[in-house]
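All chains are named by letter (A, B, ...) in the order of the sequence lines, taking the proteins before the strands, and each is independently numbered beginning at 1.
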2 protein chains.
Amino acid sequence: MKEQKKAPISKQTLNRMPAYFLYLKKLDFQEHQSISAAAIANDLNLNEIQVRKDLAAVSSSGGKPHKGFDICTLIEDIKAYLGYDDVNNAVIVGAGKLGQALLCYDGFSEYGLNILAAFDADPTVIHRSINSKYVYPMEKIPEICHLLNIQIGIITVPAAYAQLVCDQLVDSGIRAIWNFAPVLLNVPQKILVQNENMAVSLAILSKHLAVKLQEK
Amino acid sequence: MKEQKKAPISKQTLNRMPAYFLYLKKLDFQEHQSISAAAIANDLNLNEIQVRKDLAAVSSSGGKPHKGFDICTLIEDIKAYLGYDDVNNAVIVGAGKLGQALLCYDGFSEYGLNILAAFDADPTVIHRSINSKYVYPMEKIPEICHLLNIQIGIITVPAAYAQLVCDQLVDSGIRAIWNFAPVLLNVPQKILVQNENMAVSLAILSKHLAVKLQEK
DNA sequence: TTATTATCGATATAAATTTATCGATAATAA
DNA sequence: TTATTATCGATAAATTTATATCGATAATAA
């Protein structure tokens with residue numbers, strides 16, 4: 001009866017995990033077999049102790065004195081922790097430029113995201129495939145979502161339509177929304193919303209740049 | 001000799017600013033003239049005191065008892081604070097789907113970002129305009145950047161080319177990079193890098209969803 | 001006019017996160 | 001074998017961020 005339960009991981013640690021993941025995967029191609037927290041910290045511009053703590057939180061086997069962490073094991077641990085091993089079925093609503101960009105990017109499967117279909121209102125884009133994913137007319141949302149057991153809806157429609165689309169997705173049984181429209185969606189408690197808010201990044205960039213230019 | 005200097009704003013507060021901005025702008029279209037911190041907190045699912053503190057940090061005139069904050073003034077204050085009033089000239093390198101999506105989105109000017117041109121290596125996309133922005137061949141990066149006094153470079157090329165492009169941009173005098181490629185860029189200290197890392201969002205979504213599905 | 005109320009802002013407390021310290025341990029070198 | 005060193009992990013201290021408390025104030029109601 002051991003069931004060694006780790007403490008829940010902090011939000012900030014979770015935020016850094018994908019960076020570790022990317023970093024380690026790149027290393028994995030190269031010669032190395034293990035790596036120290038200090039080295040990672042140096043490359044990612046983080047604090048060494050922070051890295052050690054972050055890794056300790058997900059690592060199954062821990063690090064070894066004088067060697068560090070085994071890269072392969074760590075990658076697997078992070079994958080397992082972040083749920084990249086679980087497959088999540090998703091659809092995209094809005095097959096404009098951004099929607100198409102996401103449809104064409106095949107790297108999401110790396111993270112367990114499986115985009116199965118798209119929807120759009122524009123008659124010139126529906127009823128054809130983009131990167132082997134069929135674009136259905138909007139009316140088909142409920143039918144397809146139920147049929148394919150879709151859990152994630154990705155919203156890439158213009159801001160004005162986002163809430164409408166969101167409501168339809170929720171009614172169609174999806175559990176989570178990845179929202180690229182610059183609006184705050186209204187959803188029932190049980191639905192998870194992740195906003196991909198470019199305005200936030202832009203604001204931070206803009207702010208930092210302004211500060212930097214002034215310093216000069 | 002007053003020069004009332006406000007305390008520097010915390011990172012977390014800065015992160016929330018764009019959300020306030022979007023929210024207030026939407027309100028502005030409607031009847032209201034002022035709004036309380038409590039109401040904002042309620043709508044954005046934040047803590048009331050947090051909102052009050054955040055707004056106090058940027059507000060020029062403060063809120064009024066029994067009324068709250070003046071919406072218009074607050075919008076202007078946030079705009080000024082985030083530097084949305086300053087114009088930043090930018091170019092996009094990589095006119096693929098994602099690059100085109102960004103080129104076609106006219107909403108960035110709202111945030112002071114002015115995308116003036118694009119670059120690509122693909123002969124089928126260069127020498128034509130996308131949403132009135134000309135796509136130049138890669139070689140033109142230094143010339144155009146200097147000519148147009150570009151401060152921000154947006155990278156939307158495949159991961160493998162990102163570092164190369166980054167180096168070229170830095171050599172061409174840009175000050176900040178908005179990086180959409182899933183790689184960690186190496187830049188001189190003086191250059192600002194903002195990573196738009198979709199994998200981070202996806203990881204968080206994935207993780208939260210996994211937790212939620214387990215609970216059920 | 002006076003009381004009541006909604007709201008703010010300042011100060012204080014609590015919680016989360018980051019960073020520092022230090023003893024333990026496995027790899028390497030002497 | 002023994003000493004040295006790089007590294008970890010645990011615990012502690014410091015910092016940052018979030019939340020609570022409470023007196024002050026302007027709008028409204030009595």
Side-chain angles (χ1 to χ4, degrees), chain A residues 4-20 23-24 27 31-71 73-74 77-78 200 204 207-208, chain B residues 4-20 23-24 27 31-74 77-78 81 200 204 207-208:
Chain A
Q4 182 69 0
K5 218 181 227 164
K6 296 213 181 196
I9 282 181
S10 83
K11 286 172 200 165
Q12 304 305 314
T13 297
L14 171 55
N15 270 290
R16 284 185 293 268
M17 275 304 150
Y20 295 131
Y23 173 80
L24 292 168
L27 275 191
E31 73 276 21
H32 317 77
Q33 217 196 343
S34 52
I35 189 162
S36 73
I40 297 176
N42 186 255
D43 287 349
L44 297 186
N45 265 302
L46 296 171
N47 179 286
E48 174 185 338
I49 295 136
Q50 187 172 61
V51 172
R52 233 189 335 264
K53 266 190 132 179
D54 285 348
L55 297 184
V58 295
S59 168
S60 53
S61 53
K64 285 199 177 157
H66 212 134
K67 280 188 78 185
F69 294 82
D70 180 70
I71 294 177
T73 314
L74 211 42
D77 288 340
I78 296 178
V200 172
I204 294 168
K207 180 71 199 163
H208 286 336
Chain B
Q4 182 70 1
K5 218 181 226 164
K6 296 213 180 196
I9 281 182
S10 84
K11 286 173 202 166
Q12 304 306 313
T13 296
L14 173 55
N15 269 285
R16 284 186 292 269
M17 275 305 149
Y20 295 130
Y23 173 80
L24 292 169
L27 274 192
E31 73 278 20
H32 317 76
Q33 216 198 344
S34 53
I35 189 164
S36 73
I40 297 175
N42 185 257
D43 286 349
L44 297 186
N45 265 303
L46 296 170
N47 180 287
E48 175 186 336
I49 294 136
Q50 188 172 62
V51 173
R52 230 183 344 258
K53 265 188 132 179
D54 285 348
L55 297 185
V58 293
S59 169
S60 54
S61 53
K64 287 201 175 155
H66 212 132
K67 279 188 78 183
F69 294 82
D70 180 70
I71 295 177
C72 287
T73 313
L74 211 43
D77 289 339
I78 296 178
Y81 177 73
V200 172
I204 296 169
K207 181 68 198 165
H208 286 335

At a 4.0 Å cut-off to heavy atoms of chain B, the contacted part of DNA chain D spans dT17(D) to dA27(D)
Do L24(A) and F69(A) touch side chain to side chain, with heavy atoms closer than 4.5 Å? no
Got a sec, which residues hit side chain to side chain contact (heavy atoms under 4.5 Å, CB included) with H66(B), two or more places apart in sequence or on another chain? none
Let me know, please, whether I9(B) or K64(A) comes out on the 5' side of the other along DNA chain D by nearest nucleotide. K64(A)
Minimum heavy-atom distance S59(A)-G62(A), with the two atoms named: OG-N, 2.8 Å
For Y23(B), give me all partners under side chain to side chain donor-acceptor pair (under 3.5 Å), at least two apart in sequence or on another chain. D43(B)
Between C1' on dT19(C) and NZ on K53(A), what's the gap in Å once rounded to a whole number? 9 Å
With sequence neighbours excluded, residues passing side chain to side chain donor-acceptor pair (under 3.5 Å) with Q12(A): none
Residues in residues 33-43 of chain B with a heavy atom under 4.0 Å of DNA chain C, by number, are S36(B), A37(B)
Rounded distance (nearest 0.5 Å) linking atom CD of Q33(A) with atom CD1 of I71(A): 8.0 Å
Between N42(A) and A38(A), is there a donor-acceptor pair closer than 3.5 Å when you use the side chain of the first and the backbone of the second? no
Given axes from five pairs at either end, by how many degrees does the helix from dT1(C)-dA30(D) to dA30(C)-dT1(D) bend, rounded to 10°? 0°
Value rounded to 0.5 Å, distance of CG in L44(B) from CZ in R16(B): 10.5 Å
Quick check on DNA chain C: between P65(B) and R16(A), whose nearest nucleotide comes earlier from the 5' end? P65(B)
I40(B) and its side chain to side chain contact (heavy atoms under 4.5 Å, CB included) partner, picked from L27(B), I35(B), L46(B), D54(B): I35(B)
Would you sort out whether Y20(A) and V58(A) count as a side chain to side chain contact (heavy atoms under 4.5 Å, CB included), showing the intermediate values? CA-CA 11 Å; Y20(A) 295 131; V58(A) 295; over 6 Å; no
In terms of the nearest nucleotide of DNA chain C, which residue is placed more toward the 5' end: T13(A) or S61(B)? S61(B)
